[in-house]
Amino acid sequence: MTDLSQSPAWVALKAHYDEIKDSHMRDLFREDPERFSRFSTSLNDILLDFSKNRITDTSFQLLLDLARQSDVEGWRDRMFSGDRVNCTESRAVLHTALRNRSNTPVLVDGENIMPKVNAVLEQMRGFTERVRSGEWRGYNGHRIQSIVNIGIGGSDLGPQVVCESMKPYAQRGLKAYFVSNADATHLVETLKQVEPETTLFIISSKSFTTQETMLNARSARQWFVDLVGNEKAVAKHFVAVSTNVEAAREFGIDPKNVFEFWDWVGGRYSLWSAIGLPIALYLGMDHFEDLLQGAHEMDQHFAQAPLEKNMPVILAMLGIWYNNFFDAQSHGIMPYSQYLQRLPAFLQQLDMESNGKTIDRDGHRVEYLTGPIIWGESGTNGQHAFFQLLHQGTKPVPSDFLIPCLSQNPLGLHHRVLVSNCLAQTRALMLGKKYTEAVEEMKAQGVSDEEINSVIAHKVFDGNKPSNTIMFKKLDPRTLGSILAMYEHKVFVQGVIWNINSFDQWGVEYGKVLAGQIQKDLAQLGQVDHHDSSTNGLINYRKHFYFNIKDYKKSD
Ligand code: F6P
């Protein structure tokens with residue numbers, strides 16, 4: 001592929017950027033009363049308002065030209081049809097098949113994978129119904145009251161964001177916990193809250209080799225066996241989800257209780273697979289299938305809607321606009337919903353593990369910025385923490401604001417206050433406050449001219465800060481499924497534009513190898529001197545306390 005930044009669509013965008021970079025959204029809104037209707041689109045009851053962006057009709061068309069030039073539609077079709085679009089691992093990328101509710105055949109190497117997908121869904125239904133109904137009992141006859149998912153990355157964040165967001169749909173009396181960190185504190189503090197006879201552990205790991213997960217799984221198993229004094233009881237309290245069925249069996253999980261998925265499901269795209277088992281247990285299989293349905297509807301929208309109405313494509317291209325032309329380094333995720341508080345963490349992995357790449361598909365170093373830093377916090381908390389920087393800082397942070405029209409907890413004025421804050425923030429970010437407006441406002445408050453002169457510069461807001469608002473009727477499983485799938489496809493489209501493989505994560509592997517070496521060093525008595533001086537010094541400082549070695553700066 002030729003250099004993207006020299007391509008016709010990119011060059012046209014750059015020239016256009018130079019023309020419009022100083023125009024203000026305040027004026028664009030004033031000049032065009034139809035701006036909201038022209039720059040918004042919807043799917044079911046999810047509305048995407050992207051009118052508060054620094055775009056004109058021309059910008060929008062040029063961004064879509066870039067999408068066409070990069071053959072986004074072709075790549076999308078190849079992904080959906082099972083081509084090995086994960087080129088560095090030579091794998092198909094078919095999380096969409098896991099939620100293919102139309103059940104049309106999807107072929108991998110000539111084999112229709114839908115029967116396998118459906119068989120695991122059936123297995124999940126049977127198991128979750130037995131647990132939730134109380135038919136499945138612990139080793140001494142107690143009902144399961146706590147689920148502890150042990151996994152990390154995609155084997156943690158996906159099921160966690162859904163369970164947290166869908167609390168109103170959870171079965172009464174059933175609690176869901178998520179343990180991921182290698183820090184024993186995570187496991188220990190969780191185990192303090194559960195009883196062995198009423199707890200079901202789910203060991204979730206695509207590879208079944210991830211160090212943190214296996215460490216936590218072994219410690220949880222030990223805790224359990226120590227307390228109940230019976231190895232055989234493990235079968236009633238430990239199940240596994242993995243592509244590595246053999247390793248799960250070797251760990252001692254009853255083969256009947258191993259839930260399988262496949263290498264064409266990426267870790268951070270796996271919540272739709274058996275990795276969703278904690279979701280299905282916590283919410284029930286019908287709700288899990290509603291989640292799949294919502295995601296499937298977004299898949300169809302992504303596959304069929306024209307680019308100018310296509311939510312994932314629009315979000316992706318706006319992201320490219322800011323990342324590559326306005327030099328925005330980060331992208332904010334601001335859910336105005338307490339239930340969505342884990343969404344920024346989930347999207348961090350989805351986006352940053354997928355598009356945090358420097359080498360393109362052809363093995364060349366890219367000459368443009370790729371994936372942004374994703375961060376955020378639920379509103380209104382963020383307003384009282386970091387929004388100051390959004391309003392008056394020097395760094396542009398284009399952001400997505402997500403808000404339901406109806407609350408799951410319609411208590412007094414709470415939701416009206418929440419919505420008004422969300423809309424006020426995006427409006428303030430867009431409009432800003434002019435010098436004259438700030439002066440008028442202060443005068444009306446009776447502030448003296450002298451005082452106005454001394455502070456007026458601080459009271460002016462530039463505005464022109466872009467945001468998308470994603471507003472939906474209510475946060476239910478179907479809507480959540482659509483929203484999560486929308487972001488998956490957004491990330492995919494950006495990867496296509498940047499010509500990178502969004503489905504590998506070699507960078508993470510390197511740290512794992514080094515950790516193995518340092519772990520060995522930490523176990524040996526005596527000082528270490530074969531790393532760089534900083535790493536040696538830190539290892540030796542830890543040894544100073546752990547082995548009581550006196551002088552950690554001096555090698556022995
Ligand atoms: O962080 C790297 C990674 O491979 C993620 O992509 C993945 O979600 C996570 O580790 C956990 O992997 P596994 O499910 O194989 O334990």
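Counting convention: from 1, in listed order, for ligands and their atoms alike.
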Amino acids contacting ligand 1, non-hydrogen cut-off under 4.0 Å: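 Lining ligand 1 at under 4.0 Å, by heavy atoms, one finds I152, G153, G154, S155, S205, K206, S207, T210, G267, R268, Q349, E353, Q505, V508.
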Indicate every side-chain donor-acceptor pair of residues 341-349 with a distance under 3.5 Å to a residue at least two apart or in another chain.
from	atom 1	to	atom 2	distance (Å)
Q341	NE2	E164	OE2	3.0
R342	NE	Q160	OE1	2.8
Q348	NE2	I374	O	2.9
Q349	OE1	G154	N	3.0
Q349	NE2	E353	OE1	2.9

Check against side-chain contact (heavy atoms from CB on, under 4.5 Å), W264 and R91: CA-CA 6 Å; W264 39 262; R91 287 178 183 165; 5.5 Å; no
Aromatic centroids of Y282 and Y169 separated by under 6.0 Å: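 Centroid separation for Y169 and Y282: 6.0 Å or greater.
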Residue pair S534 / N536, side-chain donor-acceptor N/O under 3.5 Å: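 The answer is no; no qualifying pair exists.
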Charged N-O contact under 4.0 Å between E129 and R132: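 Answer for the salt bridge query: no.
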Carboxylate-amine/guanidinium contact E260 K116, below 4.0 Å: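 No.
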